[in-house]
Every structure is written in C-alpha cells, then in structure tokens.
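Have a look at the structure below before the remarks.
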Amino acid sequence: MSDGISRADVAHLANLARIDLSDAELDRLTPELTVILESVAQVAAIASADVPPTSHAVPLSNVFREDVVTPGLTPEQALAGAPAVEQQRFAVPRILGEDA
Amino acid sequence: MTATRTELVPFDAALETYDPAMGLEVHVELNTASKMFCGCSTVFGAEPNTQVCPTCLGLPGALPVVNGKAVESAIRIGLALNCSIAPWSRFARKNYFYPDMPKNFQTSQYDEPIAYDGWTEVTVETDEGPRVFRIDIERAHMEEDTGKSLHVGGSTGRIHGADHSLVDYNRAGIPLIEVVTKPILGAGKYAPLVARAYVASLRELVKALDVSDARMEQGSMRCDVNLSLAPSGSDVLGTRSETKNVNSLRSVERAVRYEVERHAGILDAGQKVVQETRHWHEDTGVTTSGREKSDAEDYRYFPEPDLVPVAPSDAWVEELRATLPEPPAERRARLQAEWGYSDLEMRDVVGAGAIDLIEATISAGATPTAARKWWLGDLARRANDTATPIDELGVTPTQVAEVQALVDAKRINDKLARQVFDGLVAGEGTPEEIVAARGLEVVSDDGALAAAVDRAIEANPDVADKIRDGKVAAAGALIGAVMKDMRGQADAGRVRELIIEKLS
Amino acid sequence: MSTIRLSAAEIAEKLAAGEVSSAEVTQDHLDRIAAVDGDVNAFLALDGEGALETARDVDARRAAGETLHPLAGVPIAVKDVVATEGIVTTAGSRILEGWVPPYDAFLTRRLRAAGLPILGKTNMDEFAMGSSTEHSAYGPTHNPWDLDRIPGGSGGGSAAAVGAYEAPLAIGTDTGGSIRQPAAVTGTVGVKPTYGGVSRYGLIALASSLDQAGPVTRSVLDAALLHELIGGHDPLDSTSIDAPVPPVVEAARRADVSGLRIGIVRELGGEGYQAGVRARFDEAVTLLTKAGAEIVEVSCPSFEYALSTYYLILPAEASSNLAKFDAMRYGLRVGPHGVADPSAEQVMAATREAGFGDEVKRRIIIGTYALSSGYYDAYYGSAQKVRTLIAQDFARAFEQVDVLISPTSPTTAFRLGSKLDDPMSMYLQDVATIPANLAGIPGLSLPVGVAEEDGLPVGLQVLAPAMADDRLYNVGAALERLLLEQWGAPLLSKAPELATKEATK
Ligand SMILES: [Mg+2]
Ligand SMILES: [Zn+2]
C-alpha cells in the first residue's frame, strides 16, 4: 500500500491543510513523511474485515443536552482576541468567491 | 472556466429530446430554542455576535454537546417522510476551510444518517388533471449552520469584488436537517412543477410538525437543485449540475426550467455538461458557474470524536411517531370533504395559506362557506394590499366567526362587516364594540325605513311606475337609493319588502 | 523555612493547622520560580498577583472559619494547553501567542472553586506534539536533574516545575504519554486517568479520542488528592463518564499489594529498553513480590502495532482539531510575503505556515493524508480496528491480573537536541505509554530509582482497567513506601541542587 509519498503529494496535502509550505520545507518533509508512512502502513495488514473499529475507548451513546438557552459570551469577550474587528463583527480579508 | 457559451433550448423543445432527472437537497433550520451543540439562543435578527459562546465560536478547547430536541425533531421529520430511523448513527466532521465556519469543519452526518430510505407524494396539475408523483427520500441528516458574512467594498455587496468581509457567528451552530431525495425520474415536462410541489410540501410538513418556521425568505429553509438530462428513453443518468441556494418556491420551479434549457443547449451543441456548482440569480432568473467539482473538494470525513453515537431506542421512536400530526395531504383531503369545497376552492384556500384559519373559524361557529368567503375575499385582499401575512392581519378566526354571527342575526350586512374588519385591524376592540362605537347596526325601525322608502319613491317617480307595472326587477334602483339614504345601515331584504308592499 | 520541599498533603495539613498561610506558601513558590526558572524554563506565563490574591482570599476564609477544600491554598501550575480565563494560553504555539481565553476549562473552574492559587502556565511541546518539550515555540524546558537534558514531553514544563520545587502540584495532559513519560524522566509522579474521567472541556484538543488531563506531583497521595478534585462528570464533555470518581485517595492511603496479581507485559520491556531502566524495573518487581504480590507474565501481541496505530489516529484527529487556527477569529494573522491585498485563503495559509512549527506541520500533513479519500480505509479505518485489538489484549490481560506494570519509558532523559532530526526515534519514547491511551485505560508513573549508567531517574508504569483508577494508587503508593524505606528519602532529594538567583521582589 505504501508506495511512498511524492513531493507533489505533499504539496497537495499542504494545500488541503492550508499551509503555505516553502520549497525547502517540501524538500525536507517529503522523505521524513515517507519514512513515517512506511512504518505506520503496517496497520492495514492486521486490520482484518471482521474486526470492528473502536472510535471511543469507553462506549457511551445518547449523550444529549436539554434545549435550554444558557449564557454565552458578550460580543466584547467574543471579539477580544480577534485580529481585526468592524461593526461588532470579525473582519477578515476578502474571501475568494465561489461565484467567480 | 466552463464549456463555451451555448444557446438555451426552449423548454418544450428540450423535453422532446431529453428526460430530466432531479435531485433536491433541502436544508431546514430547526426552531429549537438553543443551538445544535451549545446553549446559545437561535433567535433570528439579533445584534451581531451576541449569540455566541466558546463552542459555536470554535474557541480552542470548547466541546459540543448534542441538543436532544434537535434529535427528536430529526426523527420526527424522518418518520413523517416514511424513513427508517437508524438504531445507531453518528456525527462526522466534514473538513474544509471557510471563514464563516468557526472550526473549519462542519459537524454533520456522513455515511450514518439518522433517517434514510423514505418517500413522500406530491400532486401536480397536469394536462390530464391532477397527478400524484412519488418522491423517494435518500436520507435526512443532522448538521449545523455556518456564520454569516457581510461583504464590504466593491459595488455590488456580493462576495466577488469585495474588499474584505465581516463575519457574524450568531447563525453558526443553528441546527439544520438536510433532506436529500433520490433522483426524481419520469417527471418529464412537469419536472419544474414537481420540484416546486415537493419543496412546498416539505415546508408544509415541517410547519405541521412544528419543528421549523421554514421561512424561505429568511433563509430558514434553503434548497439546492441537482439536475441532469439524459436522452429520452435512456436509462443512464447524465452529468449533473448543482444549483445552490434556490430560496423561493417560484425560484425552484424557474431554476429547474432554466437548467433544463441550459443543459439541452450544451448537449444539442455536442458538448459535455460540466459537473459543477452553480449559483441561482433570483433577479435575472439564470444560473452562473461556481467552482468545478475537483479533488480539491476532499472533505476528509471521519466520525466526530468529541461526540458519542445517537442510538434511539425503538420505544423512543414509537413515542415520537405517536406525536406526528396527520400528514398534510390526508388532512387536506379530509377537510375538503368535510367542508364540501370544490377542488378549485380548496386549491385557492391552500394557496392563500388559509387552511388553519378557516378550520379555526369553522370551529368558532361559522359555516365553511362563510369562513371561506371572508378569508379568501376581504381578508385575503387586505393581506395582499398591505403585503402582510394573512395570519398577521390582526383579525382572528374567532372574530371572523363573531362578525359572521352578526350578519346572520341581520344586525349588520356584508358591507358593514367590512367596516367591522377595518375596526379590528385598527385594534378598536371586539366586533360587538366596534359595531356600537361606529354605529354600524342596521336600522330595523320600520318607521324610519318607511320614511326613507317614501322619499325614494318620490324622488324616482318613473322607477316607481315601472314597479307598479310589475317590473319588480327595477326595485334595485330604489333599494340603492334607500341604502344610500340610510348610509348602508339597513337590511336590503327588508327595504325590498317595503318597496314592493307600497307599490303593489 | 521555605515550604517548597513539602508535599501538597503536608502543605495542606500545615495550612489547616494554621502553621503557615497560603500567602506564605504561594510566595515561597513564586520566589523559587524567580530563582530557578531562568534555567529550567518550566513556565510560559506567571500570574503571581492572581495566585497571591487567591491565597489571601483562602487565608481570610479559613480565618473566618469557613469549611474549605483539603487542597485550598495549595498552589498549582497548569499546563499551557488548559484554558484559563484572563491568563495567556498558547499551547506552546506561536499561532496562539498572547491569546487570553474568555473562559475557563472545566478543571480550571474546579481549581478556582477549591481555592488553589494558580501560579502560572507550564511549557509544553507545541499543541502537545512531542516527547521532549523541545517543540515548544518558546524554547525548551530543561530537566532539573541535568539542565542539558530533556524533561520529557509534551508536559515537560509541568514535570520540571514539580521536580524543581517550583510547584507542589501541576496539571498535565496525556495523549500518548505526555504526563507519564515526563514524570518518569524527571523523577516525579504522573497519572493519566481513565478516558472520560476528567472533563476535556477547555483543553486545547490534540487528539480528541486520546486526550486526558491528570495530576503531576511528587507523591502518589498528592496525585490522588488532585485527581479527586479534577475528576468527575461534566455535562459539557459528551465523552465524560457519568459516574463517581473511583476512591483514589482511599487507595493511596491503603497502599497494600498483598494478594494482588500484578502482570508484566512481555511486549513492554526487553530489547530497546536501556539497561539501567530494566535493572530498576526488575528491582521494583522484587519488592512487590516481597510485599505479597503475585507476579504473572502476560502477553499483549497487538501492542506491536500500537505506535503505528497511534501515529495514524493522532495526526488524523489533530489535522482536523488544528484547522480552527486560521487567523480569522483569534491568534496570529500574517499575510503572505510580497502579496498586495491577499485573500482570506492566502492569509490562512501564510499564518499557518508562520505560526506552526515543523512537528505540527508534519503531523497535520500525515493526518490530512490518512483521512483523504482513497486512503481513509487503509489508514484511519484500519487504525480504529487495531485499536479494538489492543483493547481486547488488555481485556484478556485483566482477566488474569489486577494491574499491569512496565517501565514507563524505554530510556532515561536524553540530551536536548539529540533526537530532533529523527522523528521516529522520538516517537519510540512513548512505546510503552501509548497502548493505555488507545484503550482508554488509566496509567500511573512513579520513580523507582536512577539508572546506574547516567544517574538519571527511571519510572515504572502501572496500568489498570477503565474506571479502576484506584488500583493505580494502591499499587503506586505501596511501591512508593517500599522504595522510600530503602532510600530513606525521596528520590528527588538525590537530584543536584539548582543554581539559584536572588529573587527580585
Ligand atoms: Mg449539508
Ligand atoms: Zn454557542
């Protein structure tokens, strides 16, 4: 399964993960990631179809909250850490439109 | 970025060559008091960022807890759509970056939705009369809404060309139910109507369940339309387009129609339809290309580790099933039969959104005919003239029944009743009080009426002669004169009797 | 006389008896921090004023005769991954530099309600990714036993603070060993409770299905006292267990292993474990046998895959948990170089490039890969299955024995910088601690001596079934007492004295 990971793969993943990796980082990360992936790939070999997956160590279900309004943050608290604020809103750079 | 521009093919012509297949995805905002995963209020229209907390702002460390009422609503919607309810389902994270999404993943459901495999039916008027179409439901799942962005700068207020954006997270985390149909085939030229009827029936359904306000104009119900064309008779589906945010019933119909025409144009030109997201423009009635679906859209779904499975017991599901209201279509049929309305009359009632009002008016004592007369006549006109929802006019069903009772008792007539409604809308009190305060009661004193009749005969000798000659139909002119003299406050039937008595 | 070398239980007793005030104890620790932390770098942020204010308040309430929590007035250090309202919280990352949370984590609320003065926030590997605290964006923490060595990680700051007598108590978090391995290499005690035993609300998430907060202390009893305080159900954490905290304090006081069946996991030991680590472990086993425990060897064959499983699940969950750091709502915002009027997308990517360190980027990329379409089943899906196998191994083992033991870490503290270029060898540090996180069971590490070859502390790990955390404390306290009888003084008293600077008040 692990046929290595190419520099282009790493660049694609970095783009998916929104990290602007430099060329030097791509060069360094690609072989490091290859080693890590090769060593972790063995899990596929022993995970046979009849083994159920475990997502939580302690099996719980149906944990619900009552539909009751509880106090949250004031707008001042909510916006206190924001890099930029305008009109009591979080100011963000222009968003690349989906409708170009 | 998409295929070369091609001509649209007129709808009827397109349908001669192609069969449309539709898929509808409707997002319904639930009317819970608090959000899907936190205790923040969901009230619409609050000041920006006043209904937020660490969880719905995606602050580091905050965690979600599922709103039990939202699960209940999801199950009830599923049951009302004849779905199976999953005995075990999970939330999943849908990972993608967008500034209005605080965690940069949407907590949604993926391969384990709470409700699946259902169906519903809609009735559409065809050339051959009303026809029932069955819509198969793929799934109904729970998820959360995003925040809202205001785009600043640029000329249009739209995202494109904006200088920067301002985000309000009040809406972030409001519970949504997404209802997805299976491909709807075989609707042919009725596809636009079927799509519209389906969305309308879904809206009616969630309102009857009292799980959503379903106000399309406020965005609490939003529709995505998937459409593809295949050559007539072919059993393979064509490439589909996905038109986002079609947010009125009329637009649903128009968007389907437009996409049929556009796809046919592309296919007729020998080109390939591009699988892409498109945007609906309400103002111009066209769709434009958004982004192409590509591998950039890899949502990396995985089970949400901060939440535990939802595993409704059979007992709970049955308890919820027992709370389901009568299905809207069945209820309409039952009421139509009870009230004796024609198909046309019933359709008008439904179209005016007056079915609940009429039902309440009848149970307050009015006859079905009287109730329909007022709600679809004078009151519908007022709603229309003032652009007010008919149930927000300020006139209650009980009041309408009271007004009709006054008419039946001959204390007022229909014309005076309209003045009573004026008083009700103006908040002048009960119908009885308004009649008294405005002095609207018809004059039943024969002495006063007789005097008015005498004056009318005197003023219109030629008309009086005609009546004496047996032309009773001419009495109308005299009745009009008397009513005018009495400022409308007379019982026209009694006036007529007096005129005939005097002239025979 | 300074109170810094007292245990938390001893301080609590003296506070209750009126022999010292919380203000004095708190000031002693602040002085100690001022004297040694320049070298140790255990703290990222201090809140001396806030701590003293809490201390004075507790003193006043005690004077007024109010009934207080047993630990009221005992100062504590909190790992920087825990949200503390009003105190900067960075998780050791540049991307959160200067971020002041507007809310408290569940356990912070518990600490405040019980009246524990919070001295400050402790250093850690960025977002808890690491086993050496070298991946902190704010410089490494140094091991008080040897300032050239690592204090373990990711919670090296909490372990070093406690080991250097800068705090009697600290909070850690453990996703794959981040409480236990630092405890082992600094000669302190650390406990990872059962998953769901301590609320995760307000812990900056690394891997949601593995993260667990717990105590870092210098004695088993102290750990139990702190565990009891921060444990228990929290309706704001859906994975929190709705059951009473196991009787951990009672167990720590009982400290009796006679008749207990103790299992040694064949797969956690032997090759790859430093000679001095094995020697101290074997001696501890002998002590336990003498004290009446029955030693049984058990096999957990799937543990061989635990590390691989962990390095798929953790990065996958982390890649999603860390997506929220995007420069839009809080934290760092930088634009890309040489781009006029950048888009939000470009600002996100540039900020994450500048704000995340190498290890964080490595794991985000691995996690993104493990979740991407076409690879999910082979990677994340398979890892979830192996998790089941590991849990089944534990279940079988616990049918035969009451607790399991192993060395906590295969080596003693290594030299700063020696493994930075070799992620895989760094990952091996947690080979013995990771299985517990994958299965959600509790684990404790306590010091069992120093390795002959380097004179550095060695830790022994005790593991118990889920919700049987009390067994850890019973066995840990029993072994601690036996060792103390041998040594005559706590192991930490053998650590070299740190150079102190005169406190500038
Ligand atoms: Mg959706
Ligand atoms: Zn909220």
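Lettering of chains follows the sequences in order, A, B, ..., and the numbering in each one begins at 1.
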Top residue by heavy-atom pair count (under 4.5 Å) with chain A, among [options]?
{"options": "C:Ala439, C:Gly355, C:Gly381", "result": "C:Ala439"}
{"options": "C:Ser209, C:Gly335, C:Ser343", "result": "C:Ser343"}
{"options": "C:Thr309, C:Val347, C:Thr194, C:Asp358", "result": "C:Asp358"}

Quick one: what part of [X] sits under 4.5 Å from any heavy atom of chain A, side chain, backbone, both or neither?
{"X": "C:Ser319", "result": "neither"}
{"X": "C:Ser208", "result": "neither"}
{"X": "C:Ala327", "result": "backbone"}
{"X": "C:Glu85", "result": "side chain"}
{"X": "C:Val100", "result": "neither"}
{"X": "C:Ala323", "result": "neither"}
{"X": "C:Tyr310", "result": "neither"}

Query raised in the report: Under a 4.5 Å heavy-atom cutoff, which of A:Ala84, A:Ala80, A:Ser55 has the most pairs with chain C?
Result: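 Ranked by contacts with chain C, first place is A:Ser55.
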Is the side chain of [X] donor-acceptor paired with the backbone N or O of [Y] at a distance under 3.5 Å, no angle test?
{"X": "C:Arg352", "Y": "A:Ala17", "result": "yes"}
{"X": "A:Arg94", "Y": "C:Asp341", "result": "yes"}
{"X": "C:Thr388", "Y": "A:Pro52", "result": "yes"}

Side chain, backbone, both or neither of [X] within contact of chain C (heavy atoms, under 4.5 Å):
{"X": "A:Leu73", "answer": "side chain"}
{"X": "A:Ser48", "answer": "backbone"}
{"X": "A:Leu29", "answer": "side chain"}
{"X": "A:Gln77", "answer": "both"}
{"X": "A:Leu33", "answer": "both"}

[atom1] of [X] to [atom2] of [Y]: how many Å apart, nearest 0.5 Å?
{"X": "C:Glu345", "Y": "A:Ile95", "atom1": "CD", "atom2": "CD1", "result": "7.0 Å"}
{"X": "A:Asp9", "Y": "C:Ser372", "atom1": "CG", "atom2": "OG", "result": "9.0 Å"}
{"X": "C:Met424", "Y": "A:Glu38", "atom1": "CE", "atom2": "CD", "result": "10.5 Å"}
{"X": "C:Ser308", "Y": "A:Ile36", "atom1": "OG", "atom2": "CD1", "result": "11.5 Å"}
{"X": "A:Arg65", "Y": "C:Leu236", "atom1": "CZ", "atom2": "CG", "result": "9.5 Å"}
{"X": "C:Ile241", "Y": "A:Leu60", "atom1": "CD1", "atom2": "CG", "result": "6.5 Å"}

If every non-hydrogen atom of [X] is compared with every non-hydrogen atom of [Y], which pair is closest and at what distance?
{"X": "C:Pro342", "Y": "A:Pro93", "result": "O-CB, 3.7 Å"}
{"X": "A:Ala14", "Y": "C:Ile365", "result": "CA-CD1, 3.6 Å"}
{"X": "C:Val386", "Y": "A:Ala47", "result": "CG2-CB, 4.3 Å"}
{"X": "C:Arg333", "Y": "A:Ala91", "result": "NH2-O, 2.9 Å"}
{"X": "C:Ala383", "Y": "A:Val43", "result": "N-CG2, 4.3 Å"}
{"X": "A:Thr54", "Y": "C:Arg387", "result": "O-CD, 3.5 Å"}

Just so I know, are the side chains of [X] and [Y] near enough to count as touching, which here means a heavy-atom distance under 4.5 Å?
{"X": "A:Glu25", "Y": "C:Glu353", "result": "yes"}
{"X": "C:Met348", "Y": "A:Ile19", "result": "no"}
{"X": "A:Arg18", "Y": "C:Asp326", "result": "no"}
{"X": "C:Tyr379", "Y": "A:Leu37", "result": "yes"}
{"X": "C:Met328", "Y": "A:Phe90", "result": "no"}
{"X": "A:Val10", "Y": "C:Tyr369", "result": "no"}

**Report entry** Residues C:Gln346, A:Asp20; criterion side-chain contact (heavy atoms from CB on, under 4.5 Å); working and verdict
**Finding:** CA-CA 8 Å; C:Gln346 289 172 311; A:Asp20 201 358; over 6 Å; no
